[in-house]
Amino acid sequence: MTTSEHPSSPLFSSSSGEGESYLARLNPEQRTAIETTDGSLLVLAGAGTGKTRVLTTRFAHILLTGRAKPWQILAVTFTNKAAREMRERIGFILGEPAEGLWLGTFHALCARMLRRHAEYVGLTHSFTILDTDDQLRLLKQVMEPWRIDIKRWPAPGLLGVIQRWKDRGLTPERVTDTEDSDFADGHARAIYAAYQTRLRQLNACDFGDLMLHVTEILRTRPDVLDQYHRLFRYILVDEYQDTNTVQYLWLRLLAKRSGAPSNICCVGDDDQSIYSWRGAEVENILRFEKDFPGAQIVRLERNYRSTQHILGAAAGLIAHNGERLGKTLRSGKEDARGEKVTVTGVWDSDAEARAVCDAAEKFKAQGHSLAEMAILVRAGFQTRAFEERLVQIGLPYRIVGGLRFYERAEIRDALAYMRAVHQPADDLAFERIINTPKRGVGPAALQKFHAAARAREVPLSAGTQALLTEGGVKGKMADQVRKLLDVLSTTRDILAREGHVVAVEHLLEESGYLDMWRNDRSPEAPGRLENLKELVRALADFGTLGEFLEHVALVMEHDENAGEAKLSLMTLHGAKGLEFDIVFLPGWEEGVFPSQRTLDEGGLKGLEEERRLAYVGITRARKHALIYHAGSRRIYANWQPSMPSRFLDELPEEHVARQNEGATQRRGLNLSDSVFEGGMPLTSRRRQDPLLAETTPAFQLGDHVRHPRFGVGIIIGADRHHLEVVFESGDTKRLLSSFIEKL
DNA sequence: TGTGTACACCCAAAG
DNA sequence: GGTGTACACA
């Protein structure tokens with residue numbers, strides 16, 4: 001989500017010539033998308049067509065024309081960032097901060113609703129939202145009685161199954177027998193049910209539950225549903241192609257009002273659907289007209305972001321996909337053909353990192369800001385090579401979406417302390433802190449506390465308290481745990497008297513948690529203390545501890561010193577919705593991109609999603625898109641040959657400039673300059689890299705050959721870049737001759 | 001009860 | 001190649 005690059009500068013000039021000034025300077029399609037306020041509307045918004053602008057202007061238009069009050073509009077996004085931007089821009093249009101809006105992520109909005117109606121699903125309004133870590137620990141505990149073969153059915157896998165069910169709106173009761181048999185010898189549903197029961201006991205829910213519980217309430221409580229029907233006159237949805245089933249159900253329940261039109265406007269782009277692996281159903285957007293009969297569709301196809309070469313390359317690529325609603329991006333900048341998209345072949349992943357970072361440096365020298373450059377990788381592990389190189393040459397960078405702030409150990413510990421104060425039933429939090437810092441509580445002692453809690457049917461902290469009072473445990477350990485419980489209780493007093501900031505400072509200090517890090521001699525310790533300070537500082541922005549905890553669970557992001565211009569390093573998924581002048585796209589190799597795993601699991605559908613991801617990557621670029629592929633890459637510990645991605649062949653020649661591909665393609669043995677590029681001794685590479693095979697074969701049809709990955713096969717065809725080989729497995733592949741050994 | 005060591009596993013990711 | 005987990009040991 002970015003400020004539109006439409007040449008028409010400020011969104012709303014105060015000079016109101018004809019009617020509503022905020023509608024001026026919009027193209028006709030955008031204007032239709034904004035002015036079609038009533039009824040159902042699907043806006044198919046291609047990359048860079050001013051989607052955010054349409055959404056925010058539409059929101060403002062509804063308000064300014066008096067169709068609804070601010071709180072009568074439900075506006076849903078996927079990320080906090082998108083929500084924040086929308087809020088800011090709406091505030092800008094209205095000329096005042098937008099307060100009291102139902103604008104947020106699916107999860108934040110559901111959390112807000114669930115706090116109101118928690119009792120319908122057996123929770124209280126102060127329920128805790130667990131993160132992935134807690135979920136996993138809880139599930140492991142719940143799984144124990146089943147004595148599942150943990151090797152065959154690992155807990156994360158089962159958690160995935162449960163999440164998938166939740167994504168589809170399936171409570172344990174709604175999971176059918178046939179679904180159940182797939183995992184953990186048919187016990188998955190039962191474990192799921194036990195997991196949900198346990199969550200309820202802890203007065204907690206996971207992210208999936210936020211959607212699931214609320215949807216279940218809306219399904220079963222007509223009175224509640226009616227309340228929202230009367231409240232929300234208009235619904236706006238961003239990134240509709242990313243919705244999963246439960247989100248779809250939630251939206252449909254809220255939108256379908258009896259006797260009133262469904263004023264729902266969904267904005268999305270089927271070509272940018274890249275989240276099927278987390279439950280998103282592209283079908284939701286493909287089916288929109290059926291779900292909302294009489295729906296109108298508006299296509300935004302005028303792209304104001306990228307040059308014609310970039311658009312042409314992206315369009316040529318995405319045209320290889322089957323199921324599409326069909327949309328052709330046209331450049332809104334008629335004059336800007338720009339540079340062709342470059343495709344550069346390099347020796348290996350190290351050379352790739354060098355090539356990319358050197359190019360970034362060169363762009364910088366030419367006056368481009370690092371803030372306008374990004375390296376977009378398929379998978380997180382690829383960032384390392386670039387990081388190393390960037391550090392080496394001293395180019396400032398930021399990793400977007402790596403370890404998030406609240407996922408760090410010290411932050412999670414501190415939050416667990418706060419949760420234990422705020423919510424005494426939160427056993428997971430208490431378990432996390434009981435021996436952090438070390439208080440001599442091992443598995444055996446913990447077992448006793450658990451047993452005491454179970455016997456009395458109270459939470460773990462209360463059970464521990466009881467056992468201590470009765471003298472069931474003794475010694476130094478008992479004293480220390482008693483101290484912890486005392487601190488928790490005095491913190492609650494302070495919380496009531498002096499507010500949450502003082503209380504938390506007391507808590508972290510008196511529990512010995514801060515001392516634990518002060519006494520830690522590891523190099524990370526000072527940074528961790530710094531993070532903790534920042535956490536406490538952030539507390540002050542919230543009225544209550546409860547509000548803060550909710551914010552952290554759902555929203556917390558960590559933007560460190562944003563001052564200096566930095567090169568961005570992130571995954572393609574993370575880059576969706578962003579744009580940069582210059583985009584580097586490394587790792588376009590078979591197995592990496594498209595990812596082997598996706599191909600194995602998803603087949604053609606998986607491939608098409610990968611292609612959409614490639615499309616997303618290219619369309620992030622405003623001026624330059626630079627694609628790279630390496631001849632060999634280190635995977636885990638060893639070097640593996642890699643061949644250029646099939647996507648490279650799908651880029652239309654007229655929009656692409658291919659460079660230096662001799663280094664990886666065609667010639668089997670040509671000790672070209674690229675070999676020496678890195679200054680590494682040749683001998684150390686010779687063994688590792690198949691490109692230095694001692695043959696320069698001239699291949700002929702019918703030749704028997706061997707490929708390092710696919711084994712033995714016969715050449716059945718050839719073109720300029722590739723040989724077509726049929727292998728023993730029966731598979732036919734188009735391969736680069738440099739990887740093929742003549743037999 | 002804390003620790004050391006062998007191993008298995010891993011590479012998509014937001015809330 | 002790094003990391004997290006599961007066991008054996010002092």
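In what follows, chains are A, B, ... by sequence order, proteins preceding strands, each numbered from 1. None of the values given here were measured: they were computed from a predicted structure.
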What is the distance, rounded to the nearest whole Å, between atom [atom1] of [X] and atom [atom2] of [N]?
X      : N      : atom1 : atom2 : value
A:R384 : C:dG2  : CZ    : C1'   : 7 Å
A:R612 : B:dA12 : CZ    : P     : 19 Å
A:K438 : B:dT1  : NZ    : P     : 13 Å
A:E610 : B:dA12 : CD    : C1'   : 8 Å
A:E388 : C:dG1  : CD    : P     : 12 Å
A:R633 : B:dC10 : CZ    : P     : 20 Å
A:E239 : B:dG15 : CD    : C1'   : 14 Å
A:L136 : C:dG4  : CG    : C1'   : 12 Å

Out of [options], whichever nucleotide has its closest atom nearest the side chain of [X]:
X      : options                : result
A:T79  : B:dA14, B:dA12, B:dA13 : B:dA14
A:N435 : B:dG2, B:dA12, B:dA14  : B:dG2
A:F207 : C:dG1, B:dG15, B:dA12  : B:dG15
A:T571 : B:dA12, B:dA13, B:dT1  : B:dA13

For A:L613 and A:V441, take the nucleotide of DNA chain B holding the closest heavy atom to each; which residue's nucleotide lies nearer the 5' end?
-> A:V441
Assign each of A:A379 and A:F78 to its nearest nucleotide of DNA chain B by heavy atoms, then name whichever residue's nucleotide is nearer the 5' end.
-> A:A379
A:E387 with A:R384: basic N within carboxylate O range, under 4.0 Å | no
Quick one: label A:G574 by what it contacts on the DNA or RNA (base, sugar-phosphate, nothing), any heavy atom closer than 4.0 Å.
-> nothing
Sub-6.0 Å ring centroid separation between A:W277 and A:Y275 = yes
Step through it carefully: locate the ring centre of A:F548, locate the ring centre of A:H422, and say whether they are under 6.0 Å apart.
-> no
Can you tell me how far the CG atom of A:L460 sits from the CG atom of A:L428, to the nearest 0.5 Å?
-> 9.5 Å
Counterpart residues, side chain to side chain contact (heavy atoms under 4.5 Å, CB included), relative to A:T598 (two or more places apart) = A:R378, A:S595, A:E610
Verify the contact: side-chain N or O of A:N80 to OP1 or OP2 of B:dG15, cut-off strictly under 4.0 Å; return yes or no.
-> yes
Can you tell me if the side-chain N/O atoms of A:R378 get under 4.0 Å from OP1 or OP2 in B:dA12?
-> no
Of residues 103-115 of chain A, the positions that come close to DNA chain B - non-hydrogen atoms, cut-off under 4.0 Å | A:T105, A:H107
How would you list all residue pairs meeting salt bridge (charged side-chain N to carboxylate O under 4.0 Å, His left out) that involve residues 156-168 of chain A, not counting sequence neighbours?
-> A:K166-A:D206, A:K166-A:D209, A:R168-A:E179
Does a donor on one side chain and an acceptor on the other come within less than 3.5 Å for A:D426 and A:T128?
-> yes
